[in-house]
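First up is the structure itself, then whatever we jot down about it.
Throughout, a chain's letter reflects where its sequence line sits, starting with A, and its residues are numbered from 1.
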Amino acid sequence: MLDLRFIRENPDLVKTGAANKNEKKCDVDAILKLDEQRREIIHNVEHLKAERNKATAEIARKKKAGEAADDAIAAMREVGKEIASLDNDLRKVDEDLNGLLLWVPNMPHESAPVGLDESANVLVRTWGEKPKQDFEVLPHWEIGEKLGILDLEGATNLSGAGFYVLKGAGARLERALISYMLDMHVADGYEEVKVPHIVTADTMRGTGQLPKLEDDMYRIESDDLYLIPTAEVPVTNLYKKKIIDEDDLPIKMVAHTPCFRREAGAAGKDTRGMIRVHQFDKVEMVKIVHPDNSYDELETLVAQAEKVLQGLGLHYQVTELATGDLSFAAAKCYDLELWASGIEKYLEISSISIFESFQSRRMNCRFRNKEKKLEFPHTLNGSGVALARLIPAILENYQNSDGTVSIPDALQPYMNGATRIE
RNA sequence: GGAGAGGUGGCUGAGUGGUCGAAAGCGGCGGUCUCGAAAACCGUUAUACUCUUUGAGUAUCUAGGGUUCGAAUCCCUACCUCUCCGCCA
């Protein structure tokens, strides 16, 4: 949510920002018009209320003194009706205005590359190299089935297309990765949290998934609840409607959760194997920070996500998203793209974003600054990282010519010392 | 799922129709005292919005409606919390 005053004072900036993000449902002109109406009504109704407050004080005084106040009461009865009618108008305007405000995307940061789609994304740096494998590397769904650790057909049998089952060393590998990542982030000062995977619409609104992404999420109709598409939602919203002490900033949290995504309209694109599924696990980091150093916090968050991949010896590249590729709520975002040598593609494995005060405003999360004033903190989050794409990359990049898969050194302690899957 | 009780400021807690934005205490902040600290004492301590913006006004006692000239206070609804019973990994 943007500050209404900011929109009022910079309508053209907001329009440009929305256009660069290709957000078509954002109607700045309608907002300005309603804002004007709203202030006019407020002006009138407050005037009447001031009048009434004076009159009721006078009535109270007269009653106490035993004097008659019938005239004043009769006069105020009319004023009361007028107030009720104006209050009603105001409520309607407020409702419409808030509805429109929810559709205003966050402004892209000035450093974000301008461009309407991913072709304008900028390669920032690369780390490591593609593995040297002088044989035909099988894609993860083939090597996984061969080793008996991945069962895609079994998953379809249970839940339909777009799910996966891991077995034996595969299931163990995922658990090892989760522990490896959580341990790393906790050691680096992130507090581990365990959160619900089902949340209310209000919570979804807080981080900006609603109203825009309604169709991308699973909704439990009987109780009007939603399955989380990312841990960002429950973890960030832990601070919904909270007032934070400035000394407690920055807040750094990490959580492992499943993520549920309908992937509506994504059929046919990257649908093989584990790359695009309806349910996958992810380790997610969330930061709530002081606005003064939030962009430094973004860089350290990127570094934290990179550390996971570096520790596993996996080649990746860092890109910065163009405005048109930025999410509705983000001001700036880096992607980590991990090389997978079987399908010979870079896989988006982590998205690290800063939201400035967009989410904290929606959540009404504030902190008290040194002047004792309330201020909106900045929120950030980043995957650290997504399991359903990390596992394929390992199965492919660490694949050997004899059909076995080596286990990265860093994971071996979590795999009972095993060095390979065979 | 059934029955009951309750939701007041950062916290505890008073207030059942008329200067109540709200007593008191705790906590916080500033000061006096002190070499310093503690104690004691004094003062101070919400947020948002509107405007004719060194000032004035309006709103806010979980939320949304209603009654009334006037609602923290009465009525209705929703949500949440607690207690007891039932069910249950």
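- Taking the C1' atom of each, rG25(B) and rG15(B) are spaced 15 Å apart, rounded to whole Å.
- Per the geometry, CD1 belonging to Ile83(A) stands 14 Å off P belonging to rU67(B), to the nearest Å.
- Closest approach to the Arg38(A) side chain among rU50(B), rC69(B), rG57(B) is made by rU50(B) (side chain taken as heavy atoms from C-beta onward).
- Comparing the C1' positions of rA23(B) and rU12(B) gives an interatomic distance of 14 Å, to the nearest angstrom.
- Here Arg52(A) lies in heavy-atom contact (under 4.0 Å) with sugar-phosphate atoms only.
- For the C1' atom pair drawn from rG17(B) and rC74(B), the interatomic distance equals 8 Å after rounding to whole Å.
- The shortest distance between the side-chain N/O atoms of Asn53(A) and the OP1/OP2 oxygens of rU58(B) is below 4.0 Å.
- Closest approach to the Arg91(A) side chain among rG64(B), rU58(B), rC69(B) is made by rG64(B) (side chain taken as heavy atoms from C-beta onward).
- The same atom, P, is picked in rA24(B) and in rU83(B); the two are 33 Å apart, to the nearest Å.
- To the nearest angstrom, P of rC80(B) lies 12 Å from CG of Asp202(A).
- The pairing partner recorded for rC51(B) is rG55(B), the criterion being a Watson-Crick or G-U wobble arrangement whose two distances lie under 3.5 angstrom.
- You'll find that the side chain of His43(A) is closest to rC51(B), out of rC51(B), rG57(B), rG18(B).
- Between Asp94(A) and Arg38(A) there is a salt bridge, since a side-chain N of the basic residue sits under 4.0 Å from a carboxylate O of the acidic one.
- Classification of the Tyr218(A)-Phe260(A) ring pair by plane angle, with boundaries at 30° and 60°, yields perpendicular.
- When only modelled atom types and interatomic distance are considered, Glu174(A) and Tyr164(A) share a side-chain donor-acceptor pair under 3.5 Å.
- Ile42(A) comes within 4.0 angstrom of sugar-phosphate atoms only, judged by non-hydrogen atoms across all strands, and of no base.
- Toward the 5' end of RNA chain B, the nearer of the two residues Ala60(A) and Asp3(A), judged by each one's closest nucleotide, is Ala60(A).
- Closest to the Thr56(A) side chain, of the nucleotides rG57(B), rU47(B), rG18(B), is rG18(B).
- Arg368(A) has a side-chain polar atom (N or O) that falls below the 4.0 Å cut-off from OP1 or OP2 of rU47(B).
- With hydrogens and angles disregarded, a donor-acceptor distance shorter than 3.5 Å links the side chain of Thr323(A) to the backbone of Asn20(A).
- In this structure, Arg361(A) reaches neither bases nor backbone, as no heavy-atom distance under 4.0 Å exists between it and the strands shown.
- Across all strands, Leu374(A) comes closer than 4.0 Å only to sugar-phosphate atoms, never to a base (heavy-atom distances).
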